[in-house]
Amino acid sequence: MRNRTYNKKKLLIVFLCAVCIVIVLAGRLVWLMIFEADYYQEKAQALHERERSIKAARGRILDASGTVLADNRTVCTISVIHSQITDPEEVIRALSQTLEMEESEVREKVEKVSSMERIRTNVEKETGDIIRKMDLDGVKVDEDFKRYYPYDELASTVLGFTGADNQGIIGLEVKYEEYLKGQDGTILTTTDARGIELPGEAEDRIEPVPGNDLQTSLDYNLQMYAQQMAEKVMEEKQADGVSILLMNPQNGEIMAMVNVPEFDLNDPFTLNTGADASTLSDEEKQDALNQMWRNRCINDTYEPGSTFKIITASAALEEGVVELDDTFSCPGYRVVEDRKIRCHKVGGHGQETFVEGVMNSCNPVFIDVGLRLGADTFCDYYEQFGLMDLTGVDLPGEAGTIMHKRENIGTVELATMSFGQSFQVTPIQMAATVSSIVNGGFRVTPHVGVRVLNEDGSQKFVLEHGKKDRIVSEETSLTMRAILEKVVSEGSGKNAAIEGYQIGGKTATSQTLPRSANKYISSFIGFAPADDPQVLGMCIIYNPQGVYYGGTIAAPVIRDIFENILPYLGVEKE
């Protein structure tokens with residue numbers, strides 16, 4: 001009796017356990033079938049779908065008139081799907097021969113057990129078509145896009161280039177990546193449990209969305225001509241490099257920006273110096289490439305020298321510490337504390353007015369003017385003119401001004417700063433500041449991007465580039481334009497004069513550090529017409545050999561450029 005009761009209890013316990021298990025299993029089944037059905041449906045679908053991306057066409061980069069400066073070429077990506085290959089040896093042989101690759105390299109990828117393995121990207125379309133016609137099981141040929149630059153070296157440091165993934169690396173390509181890149185599409189194919197595509201099943205496609213076009217302020221003709229002039233003077237003067245900048249001083253639009261030697265945008269990883277890259281370590285080669293890709297107008301600073309006298313003169317006139325007919329004496333030097341600071345004219349200029357001091361580019365005159373301003377006031381104007389800030393140019397890697405701390409500026413520092421030495425700025429900063437002084441007194445933001453376009457060429461939106469803040473009065477701007485016109489027509493900038501045109505400008509010759517190296521930078525900033533500037537031109541020659549004075553070698557470059565481009569821009573002779 002006792003055994004029977006015991007057995008009944010055991011059966012009951014087993015029964016209850018079984019019921020509990022069934023309830024748990026049923027509950028789990030209900031949970032999976034109802035509450036997590038979508039999740040497992042997606043998992044199942046993923047097992048039977050294979051996804052391949054379709055790259056979007058990158059937006060083009062256009063010049064101001066619509067000339068295409070950066071475009072796309074159709075290329076192919078060759079891939080293999082391991083589970084679908086029926087004759088591995090045939091695939092290895094065909095791909096290695098057609099793609100001109102080592103058989104061992106192809107074999108390693110073909111025999112790798114993976115859902116999909118890329119053999120090569122950026123394959124020419126003609127080659128891709130040949131492989132497609134072979135109809136090899138497990139080999140996929142997808143059309144893709146590769147960046148193409150129709151004019152090779154033209155504006156290379158401005159446009160920039162893209163990497164293997166079609167993503168911008170430098171220049172406008174990276175700055176406007178979000179507008180240019182587009183949105184990739186996908187191809188979905190149905191497979192069985194072994195990953196083999198099911199015959200008769202149609203591919204699902206999510207079409208790519210192409211990127212937007214970027215219209216710039218660059219002008220193909222001006223860029224090409226400026227580059228030719230830069231290459232010519234670099235060869236003549238055996239210089240390390242030449243930069244030329246053309247911009248509209250009224251709105252900051254950059255019409256041309258040249259940094260020679262430029263590099264081939266279609267082959268950006270080959271050094272333009274002719275050096276044998278195989279003799280360089282990886283680090284040395286990367287350093288050389290980074291140097292080649294630098295945009296000297298934006299990324300590098302230099303001592304501006306006498307072109308900075310435009311800024312000192314503007315500050316002095318605005319502050320009222322000097323009048324146009326104030327007289328100064330130049331014996332050929334000025335003693336400041338324990339320093340004897342020389343003028344470029346050894347015998348001196350003698351008695352001269354302030355205007356004559358600017359025309360003669362006389363250092364002693366500007367030392368006196370700088371001392372009249374005083375360090376604090378000078379620094380206040382330096383900041384008012386925007387020289388302590390970045391210009392905001394829409395190109396990456398803009399360098400900042402290198403300047404003494406205000407509290408460390410003594411009499412000697414102030415004296416040398418007044419004529420553009422002992423500190424450094426970028427060329428783009430000088431161009432923007434001078435533009436702002438001669439355009440009526442409004443600070444402009446230099447820029448290249450103008451508008452973003454839809455695929456059909458219609459305008460999507462205009463790019464904004466900061467507001468215009470007044471930095472000097474209209475009266476000071478008018479006076480500076482008149483003085484700088486005299487510099488070219490009668491003074492040190494006479495090599496930039498053009499018959500029939502009023503040209504304003506300023507020359508400069510500065511010595512690089514260390515001074516003992518005897519290396520110079522020659523430059524000239526000019527604008528035309530002087531009474532209503534429509535174009536500002538800047539030429540910088542780095543380490544010219546032989547004669548190195550800016551008025552002798554840089555001013556004629558801008559003169560020749562202006563002589564040819566002013567009629568093109570619709571500026572008529574008087």
By the salt bridge (Lys or Arg N to Asp or Glu O under 4.0 Å) test, which pairs, at least two apart or in different chains, include something from residues 523-547?
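Sorted result for residues 523-547: empty, none.
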Enumerate, atom names and distances included, each donor-acceptor pair closer than 3.5 Å involving a side-chain atom of residues 60-70, sequence neighbours excluded.
| residue | atom | partner | partner atom | Å |
| --- | --- | --- | --- | --- |
| R60 | NE | D213 | OD2 | 3.2 |
| R60 | NH2 | D213 | OD2 | 2.9 |
| D63 | OD1 | S65 | N | 2.9 |
| D63 | OD1 | S65 | OG | 3.1 |
| D63 | OD1 | G66 | N | 2.9 |
| D63 | OD1 | T67 | N | 2.7 |
| D63 | OD2 | S65 | OG | 3.4 |
| D63 | OD2 | Y220 | N | 2.9 |

Does a side-chain N-to-carboxylate-O contact under 4.0 Å join [X] and [Y]?
X    : Y    : value
E413 : K405 : no
E173 : R58  : yes
R372 : D326 : yes

Hey, would you say the F461 and Y179 ring centroids sit under 6.0 Å apart?
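Yes.
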Please tell me whether F308 and F423 form a close aromatic pair, meaning their ring centres lie under 6.0 Å apart.
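Between F423 and F308, which both carry aromatic rings, the centre distance is below 6.0 Å.
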Please lay out, stage by stage, how V158 and L172 fare under the test side chain to side chain contact (heavy atoms under 4.5 Å, CB included).
CA-CA 6 Å; V158 180; L172 294 174; 4.2 Å; yes
Can you name the side chain to side chain donor-acceptor pair (under 3.5 Å) partners of S217, sequence neighbours left out?
none
So, does [X] use its side chain to make a donor-acceptor pair with the main chain of [Y] at under 3.5 Å?
X    : Y    : answer
D71  : R147 : no
T426 : D300 : no
E352 : H349 : no
N248 : E253 : no

Output for pair (N360 CG, H344 NE2), nearest 0.5 Å, gives 6.5 Å
Residues [X] and [Y]: side-chain donor-acceptor under 3.5 angstrom:
X    : Y    : value
T479 : E475 : no
N266 : Y148 : no
T391 : E398 : yes
E319 : Y381 : yes
R296 : T157 : no
N259 : S243 : yes
T377 : D380 : no
N251 : K468 : no
Q286 : N290 : yes
S473 : E318 : yes
S418 : T312 : no
Y176 : D394 : yes
Q421 : T416 : no
N454 : S458 : yes
K494 : S489 : no

Under 30°, 30 to 60°, or over 60°: which ring-plane class applies to F263 and F161, parallel, tilted or perpendicular?
perpendicular
Measure the acute angle between the ring planes of F366 and F354, then classify it against the limits of 30° and 60° as parallel, tilted or perpendicular.
tilted
Which pair of heavy atoms, one from [X] and one from [Y], lies closest together, and at what distance?
X    : Y    : result
T509 : G550 : OG1-N, 2.8 Å
S422 : M417 : OG-CG, 3.6 Å
G252 : M247 : CA-CE, 3.6 Å
I298 : P396 : CG2-O, 4.2 Å
V242 : V233 : CG2-CG1, 3.7 Å
P261 : D240 : CD-O, 3.9 Å

L317 vs T476, test: side chain to side chain contact (heavy atoms under 4.5 Å, CB included). Steps then yes/no.
CA-CA 6 Å; L317 289 169; T476 297; 4.2 Å; yes
Over 12 foreign heavy atoms within 6.0 Å of CD, E455
no
Please indicate whether R470 has more than 12 foreign heavy atoms, meaning atoms of other residues, nucleotides or ligands, lying under 6.0 Å from its CZ.
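More than 12 heavy atoms, drawn from other residues, nucleotides or ligands, come within 6.0 Å of this atom.
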Report the C-alpha separation of M229 and D560 in whole Å, then their side-chain angles, then the decisive distance to 0.1 Å, and conclude whether the side chain to side chain contact (heavy atoms under 4.5 Å, CB included) test is met.
CA-CA 8 Å; M229 293 299 297; D560 291 347; 3.6 Å; yes
Should I471 and F442 count as side-chain neighbours, where that means a heavy-atom distance under 4.5 Å?
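No - every pair of side-chain heavy atoms lies 4.5 Å or more apart.
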Please assess R334 against D368 for the test side chain to side chain contact (heavy atoms under 4.5 Å, CB included), listing each intermediate value before the final yes or no.
CA-CA 9 Å; R334 187 72 84 234; D368 291 351; 2.8 Å; yes
Is there a salt bridge (Lys or Arg N to Asp or Glu O under 4.0 Å) between K181 and E177? Walk through the geometry before answering.
CA-CA 6 Å; K181 65 180 179 181; E177 173 73 15; 5.6 Å; no
